[in-house]
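What's counted below: heavy atoms across the whole structure, side chains too, no hydrogens, waters or symmetry copies. Note that the numbering runs from 1 along the sequence shown for the chain.
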Amino acid sequence: MSDNPLTDTSTFARVETGKIPALRVTKQGVQSQNQVAAINPGASLMLSQGALPTTEFTEVGCSQLVVFPAGVGGEEVEALAVSLWEDAAWIAPGRLRLSGQAQLCGPFSLNQENRKILQLPSGCGIAFRLDCPRQRAGALAPELQGADSLTDAFAASEPIGLEYEVLSGLLAICRRLGGSLRIGPGNRAKDSSAELLSPDPDSAVNLTVYSPYWIEIEQLKSLLNPVLGELSLDGEQLKEPTRRVERANREAEELVKAQLGEKELQRIAAEAAAFDKEVGFDLRNSEAYALYGSVGKGADFCVGVQTSLQLPSSLRFHPHQGQPFASYQLQWLSEPMGRRRLSRIERVARLKVINAFEDAARLLARISDGSVVDDDSFLITWT
């Protein structure tokens with residue numbers, strides 16, 4: 001494990017994959033763990049602001065709290081915030097601007113008494129207070145209740161605009177770092193108690209690879225077959241896989257090399273480079289398509305390929321920004337989850353899809369010089 005807290009996060013359930021860095025995005029590009037020191041704005045800005053003043057968070061109308069495990073530092077929270085918001089930055093000691101007037105204040109330290117009074121998870125060690133202008137749209141309509149945990153938690157007065165954007169972004173950061181968002185009392189109902197939202201780290205299943213290279217249907221099917229199995233243009237003809245791909249105990253790159261071989265990888269890369277040289281970056285006339293496949297019961301998926309002129313904020317400093325990209329969207333075709341608890345079969349299927357998507361995204365990124373982004377628009381890399 002790296003000593004740098006920017007590298008101590010993971011969105012995937014596969015333990016042997018290792019840690020996935022919370023990358024920092026700058027005008028110089030994506031900063032790796034070896035470059036972080038050069039862009040650190042100053043450790044004094046991220047120092048602990050002392051013990052959390054518990055009494056400020058017990059009354060109706062109090063601020064929301066974001067809490068993280070003790071091993072998470074302010075640098076890591078900032079790195080993910082920068083991926084979501086262009087103006088995110090430390091602006092003063094203990095004040096991390098997210099977007100506009102929305103700020104996180106902290107980190108504050110948590111002790112056993114804090115956790116007991118505020119009913120926080122036993123493993124959390126630091127907290128940030130959210131300071132954000134209140135923007136509400138009134139009570140949540142009954143027909144919309146039950147679909148989303150965040151809006152349900154604010155059923156008495158639904159957040160909109162900047163407030164909703166920031167709360168959604170903080171939930172995404174919590175999912176990545178194993179944190180929780182504490183919604184103060186009185187938000188679900190007039191007399192409701194505080195509520196804790198702890199996103200499942202494995203719930204961000206889908207991945208997208210953004211690349212300047214377009215891969216045609218047959219070439220993509222051939223490329224992904226070793227890791228995703230047989231792919232079809234007909235989504236109605238999904239079948240159970242004819243063979244089980246055992247990948248739980250080995251790295252994705254080892255799997256790909258074993259199936260394709262280094263020479264085959266080089267050949268595919270050369271073909272992609274030759275195609276790009278022929279058509280340049282003019283992807284506007286490329287015809288979108290989708291391939292369907294399955295890695296088991298309840299583990300059907302789709303690979304959607306299309307031209308994209310818009311990139312997520314985390315790729316805003318990409319050297320080809322402003323030009324068309326090919327986006328390869330790996331999507332799990334599951335039933336809507338809502339707030340229900342997944343069955344054991346669904347959890348197993350999700351794990352299979354996560355493993356398959358990780359293998360496919362890593363291979364696609366390598367072959368097409370692409371960048372991988374998860375459901376929450378965070379950059380993904382593997383070491």
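Counting non-hydrogen atoms of neighbouring residues, nucleotides and ligands closer than 6.0 angstrom, the CG atom of Leu47 exceeds 12 such neighbours. Around atom CD of Gln310, no more than 12 heavy atoms belonging to other residues, nucleotides or ligands sit under 6.0 Å away. No more than 12 heavy atoms of other residues, nucleotides or ligands lie within 6.0 Å of CD in Gln112, so this atom counts as exposed by the packing criterion. Counted within 6.0 Å of CD on Gln119, heavy atoms from surrounding residues, nucleotides or ligands total 12 or fewer; the atom is thus considered open.
Under the 3.5 Å distance criterion, the side-chain polar atoms of Ser377 are left unmatched by any main-chain donor or acceptor of Pro312. Between the side chain of Ser168 and the backbone N or O of Tyr164 there is at least one donor-acceptor pair closer than 3.5 Å. Here the side chain of Asp152 pairs a donor or acceptor atom with the backbone of Gly146 at under 3.5 angstrom. For the pair Gln135 (side chain) and Leu162 (backbone), a donor-acceptor distance under 3.5 Å is present. No donor-acceptor pair under 3.5 Å is formed between the side chain of Gln49 and the backbone N or O of Cys105. Remark: side-chain polar atoms of Arg182 are paired, donor with acceptor, to backbone N or O of Phe57 under 3.5 angstrom. Under the 3.5 Å distance criterion, the side-chain polar atoms of Arg115 are matched with a main-chain donor or acceptor of Cys124. Ser222 places no side-chain N or O within 3.5 Å of a backbone atom of Gln219 that could act as its donor or acceptor partner. A donor-acceptor pair is defined here as one N or O able to donate and one able to accept, closer than 3.5 Å; no such pair exists between the side chain of Arg362 and the backbone of Asp359. At least one donor-acceptor pair under 3.5 Å links the side chain of Tyr328 to the backbone N or O of Ile215.
Thr151 OG1 to Glu158 CD: the interatomic distance, rounded to the nearest 0.5 Å, is 6.0 Å. For the atom pair Glu78 CD and Ile173 CD1, the distance stands at 10.5 Å (nearest 0.5 Å). A distance of 6.0 Å separates CD1 of Ile183 from CG of Leu167, quoted to the nearest 0.5 Å. In this structure, Ser109 OG and Asn114 CG are separated by 7.0 Å, a value rounded to the nearest 0.5 Å. The line from CG of Leu333 to SG of Cys302 is 6.0 Å long, rounded to the nearest 0.5 Å. Rounding to the nearest 0.5 Å gives a distance of 12.0 Å between CD of Glu76 and CE of Met46.
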Exercise for the section: Decide side-chain contact (heavy atoms from CB on, under 4.5 Å) for Leu364 and Leu223; before the verdict, give the C-alpha distance in whole Å, the side-chain angles of both, and the deciding distance to 0.1 Å. Expected result: CA-CA 8 Å; Leu364 269 173; Leu223 174 67; 3.9 Å; yes

Exercise for the section: Might you work through the side-chain contact (heavy atoms from CB on, under 4.5 Å) test for Leu291 and Leu224, ending with a clear yes or no? Expected result: CA-CA 11 Å; Leu291 298 174; Leu224 296 180; 5.7 Å; no

Practice task
Any chance you could lay out the side chain to side chain donor-acceptor pair (under 3.5 Å) test for Ser180 and Ser198, step after step, and finish with the verdict?
Solution key: CA-CA 4 Å; Ser180 300; Ser198 302; 2.6 Å; yes

Exercise for the section: Apply side-chain contact (heavy atoms from CB on, under 4.5 Å) to Leu311 and Gln321, showing your working. Expected result: CA-CA 8 Å; Leu311 294 178; Gln321 168 72 359; 3.0 Å; yes

Problem - Full working for salt bridge (Lys or Arg N to Asp or Glu O under 4.0 Å) between Glu163 and Arg136 - result: CA-CA 8 Å; Glu163 187 179 18; Arg136 302 295 172 89; 2.9 Å; yes

Exercise for the section: Verify side-chain contact (heavy atoms from CB on, under 4.5 Å) between Leu233 and Tyr292, making sure each step is shown before the conclusion. Expected result: CA-CA 6 Å; Leu233 287 169; Tyr292 299 87; 6.0 Å; no

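The two residues Leu342 and Arg347 make their nearest non-hydrogen contact at O-NH1, 2.9 Å. Closest approach of Tyr210 to Leu315, counting heavy atoms only: CD1-CD1, 3.7 Å. For the pair Thr307 and Pro324, the tightest heavy-atom approach, listed with the atom from each and the gap, is CG2-CB, 3.9 Å. Nearest heavy-atom pair across Gly296 and Ser294 is O-OG, 3.1 Å. Annotation for Asn206 and Trp332: closest pair OD1-N, 2.8 Å, computed over non-hydrogen atoms. The shortest non-hydrogen separation linking Arg129 to Phe108 is NH1-CZ, 4.2 Å.
Using a 4.5 Å heavy-atom cutoff, the side chains of Val373 and Phe378 are not in contact. Contact annotation: the side chain of Cys62 approaches that of Pro185 to within less than 4.5 Å [non-hydrogen atoms, C-beta and beyond]. Contact check for Thr54 versus Glu113: no side-chain heavy atoms found under the 4.5 Å cut-off. Looking at Leu351 and Asp202, their side chains never come closer than 4.5 Å, going by heavy atoms from C-beta outward. Under the 4.5 Å side-chain criterion, counting only non-hydrogen atoms from C-beta, Val205 is not in contact with Leu330. Side-chain contact between Leu181 and Glu195: absent, with no pair of heavy atoms (C-beta onward) separated by less than 4.5 Å. The shortest distance between side-chain heavy atoms of Glu230 and Lys221 does not fall below 4.5 Å. Counting heavy atoms from C-beta on, the side chains of Pro121 and Leu196 come closer than 4.5 Å.
Leu140 and Phe154 are not part of a single hydrophobic cluster, where members link through side-chain heavy atoms under 4.5 Å apart. In this structure, Ile354 is a member of the same hydrophobic cluster as Val303, with clusters built from ILVMFWY side-chain heavy atoms closer than 4.5 Å. Phe68 and Leu65 fall into different hydrophobic clusters, where Ile, Leu, Val, Met, Phe, Trp and Tyr are joined by side-chain heavy atoms under 4.5 Å apart, directly or via other members. When hydrophobic clusters are built by joining Ile, Leu, Val, Met, Phe, Trp and Tyr residues whose side-chain heavy atoms come closer than 4.5 Å, directly or via intermediates, Val66 is not grouped with Leu120. Each of Leu197 and Ile160 belongs to its own hydrophobic cluster when Ile, Leu, Val, Met, Phe, Trp and Tyr are linked at side-chain heavy-atom distances under 4.5 angstrom.
Using the six-membered ring where Trp is involved, Phe128 and Trp90 have ring planes that are tilted, between 30° and 60° apart.
Val166 pairs with exactly one of Leu130, Leu171, Leu84 by the side chain to side chain contact (heavy atoms under 4.5 Å, CB included) rule, that one being Leu130.
For Arg175 and Asp376, the salt-bridge test passes: some basic side-chain N is under 4.0 Å from an acidic carboxylate O. With respect to Arg350 and Asp200, a salt bridge is recorded, a charged nitrogen being found less than 4.0 Å from a carboxylate O.
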Side-chain donor-acceptor pairs of residues 96-103 under 3.5 Å, sequence neighbours excluded:
{"unit_1": "Arg97", "atom_1": "NE", "unit_2": "Asp87", "atom_2": "O", "d": "2.7"}
{"unit_1": "Arg97", "atom_1": "NH2", "unit_2": "Asp87", "atom_2": "O", "d": "3.0"}
{"unit_1": "Gln103", "atom_1": "OE1", "unit_2": "Arg95", "atom_2": "NE", "d": "2.7"}
{"unit_1": "Gln103", "atom_1": "OE1", "unit_2": "Arg95", "atom_2": "NH2", "d": "2.6"}

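His318 and Phe325 have their aromatic ring centers within a separation under 6.0 angstrom.
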